[in-house]
Amino acid sequence: MIYLNSEFMPIEQARVPVLDRGFIFGDGVYEVIPVYSRHPFRLAEHLRRLQASLEGIRLANPHDDAEWTRLVRRLIELNEPEDQSLYLQVTRGVARRDHAFPKGVAPTVFMMSNALSTPPREQVDKGVGAVTAADNRWLRCDIKAVSLLPNVLLRQLAVDDGCVEAVLLRDGIMTEGAASNIFVVRNGVLLAPPKSHLMLPGITYDVVLELAQANGIKHQIRPVAESELRGADEAWLTSSTKEVLAIVRLDGKPVGGGAPGPLFRRMYALYQDYKERVMRTSGD
Ligand code: PDD
């Protein structure tokens, strides 16, 4: 079942008019929220980022957090898998094509749920390959906009090379992945790029930094140069659906020893523990 503009229905019945500004302009924002054992993970944080994205595109939030929470819980109930990946999008609605904002138009609100497929064990144990690419996106990558054409093209470069992600570089600095945030480990120190307009403030990124802080893992939040990425002992990617994965090959060359490093293995275990702890104590 999906949710579209106040109604729950089978996806086959869902229809959006072709003049929806999401279709015509990519004029909308979205969230992807992982659901473990029917509990939405970090929902409050996802809703806060949704609010920031909506403000970024000057679109009023159609619901308050209580209403979003109710809709999210209902959608989870209506779908079978215990672990789900919830996709939510708000567009500027349906109007005659004109770039300027239409007046008096209701936004289109859409939510769907898919079975959550976290990375297979083999990817966790062996790591994944990535390529680098020039970050040719706009300068508001902090907005989780549905207009993802640059990200689509960049991610495909990785897939074309048999890899899972493209690590993006802008002016000699690492920004993030095409659909993930990137961390680097050098000399036992975890390095994270600072949040800015050039990257999405990842919810998983925050969890990883909180876990580093809580467990005495040395870390620095500062710009990471391309040379530091290329000479890294470890590189990781993080996202709501991929959790934490080790990048063990970059542009065909091994990262560190070419296998998931010790700090990755520690963080992966901490992340899994944290997830379970949160789900056990989330109270419903
Ligand atoms: N993508 N950066 C980009 C460009 C992303 O698209 C994503 C997530 C992230 C990680 O954010 P988070 O930890 O909050 O998932 C960083 C989602 C999963 C997607 O588009 O499917």
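All values below come from the heavy atoms of this structure, side chains included, with hydrogens, waters and symmetry mates left out. All ligand and atom numbering here is 1-based and tracks the order in the structure.
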Asker: Under a 3.5 Å cutoff, is there a donor and acceptor pairing between the side chains of Glu276 and Gln272?
Answerer: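 On atom types as modelled, these side chains do not qualify, holding no pair under 3.5 Å.
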
Asker: Of the protein's non-hydrogen atoms, which lies at the shortest distance from atom 20 (O) of ligand 1, and what is that distance?
Answerer: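 Its nearest protein heavy-atom neighbour is Tyr30 OH, 2.7 Å.
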
Asker: For residues Pro193 and Glu176, determine if any side-chain heavy atom of one lies less than 4.5 Å from a side-chain heavy atom of the other.
Answerer: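 Result no, sub-4.5 Å side-chain heavy-atom pair not found.
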
Asker: Is Met199 close enough to touch ligand 1? Criterion: a residue heavy atom under 4.0 Å from a ligand atom.
Answerer: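 No; Met199 lies far enough from ligand 1 that no heavy-atom distance drops under 4.0 Å.
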
Asker: Donor-acceptor pairs under 3.5 Å, side chain of residues 10-23 to any protein atom, not counting sequence neighbours: which ones?
Answerer:
from: Arg15; atom 1: NH1; to: Glu12; atom 2: O; distance (Å): 3.0
from: Asp20; atom 1: OD1; to: Gly22; atom 2: N; distance (Å): 2.7
from: Asp20; atom 1: OD1; to: Thr91; atom 2: OG1; distance (Å): 2.7
from: Asp20; atom 1: OD2; to: Thr91; atom 2: OG1; distance (Å): 3.4
from: Asp20; atom 1: OD2; to: Thr108; atom 2: OG1; distance (Å): 2.5
from: Arg21; atom 1: NE; to: Asp27; atom 2: OD2; distance (Å): 2.8
from: Arg21; atom 1: NH1; to: Asp98; atom 2: O; distance (Å): 2.7
from: Arg21; atom 1: NH1; to: Ala100; atom 2: O; distance (Å): 3.2
from: Arg21; atom 1: NH2; to: Asp27; atom 2: OD2; distance (Å): 3.0
from: Arg21; atom 1: NH2; to: His99; atom 2: O; distance (Å): 2.8

Asker: Does a salt bridge link Glu243 with Lys275, judged by any charged N lying under 4.0 Å from a carboxylate O?
Answerer: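 The answer is yes: the pair qualifies as a salt bridge.
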
Asker: Would you check whether Ala178 reaches within less than 4.0 Å of ligand 1, judged by its heavy atoms?
Answerer: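 It does; at least one heavy atom falls under 4.0 Å.
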
Asker: Suppose we measure from atom 2 (N) of ligand 1 to each protein heavy atom; which comes out shortest, and what is that distance?
Answerer: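 That would be Glu176 OE1, 2.6 Å.
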
Asker: Taking a cutoff of less than 4.0 Å between a non-hydrogen atom of the residue and any ligand atom, is Tyr87 in contact with ligand 1?
Answerer: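 Distance cut 4.0 Å: Tyr87 fails for ligand 1.
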
Asker: Relative to the ring of Trp236, is the ring of Phe183 parallel (under 30°), tilted (30 to 60°) or perpendicular (over 60°)?
Answerer: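 If you compare the ring of Phe183 with that of Trp236, the planes turn out tilted.
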
Asker: Closer than 4.0 angstrom: is that true for some heavy atom of Lys144 and an atom of ligand 1?
Answerer: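 A heavy atom of Lys144 does come that close to ligand 1.
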
Asker: Who's the nearest protein heavy-atom neighbour of atom 21 (O) of ligand 1, and how far?
Answerer: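 Nearest neighbour among protein heavy atoms for atom 21 (O) of ligand 1, to 0.1 Å: Val32 CG2, 3.7 Å.
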
Asker: Apart from Leu198 itself, what residues make up its hydrophobic cluster when side-chain heavy atoms of I, L, V, M, F, W and Y under 4.5 Å apart count as a link, directly or indirectly?
Answerer: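 Its cluster mates, by chain and number, are Leu139.
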
Asker: Counting from 1, what ligand 1 atoms have a heavy atom of Ser180 closer than 4.0 Å?
Answerer: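 Reading through ligand 1 atom by atom, the close ones are 2 (N), 3 (C), 5 (C), 7 (C), 9 (C), 16 (C).
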
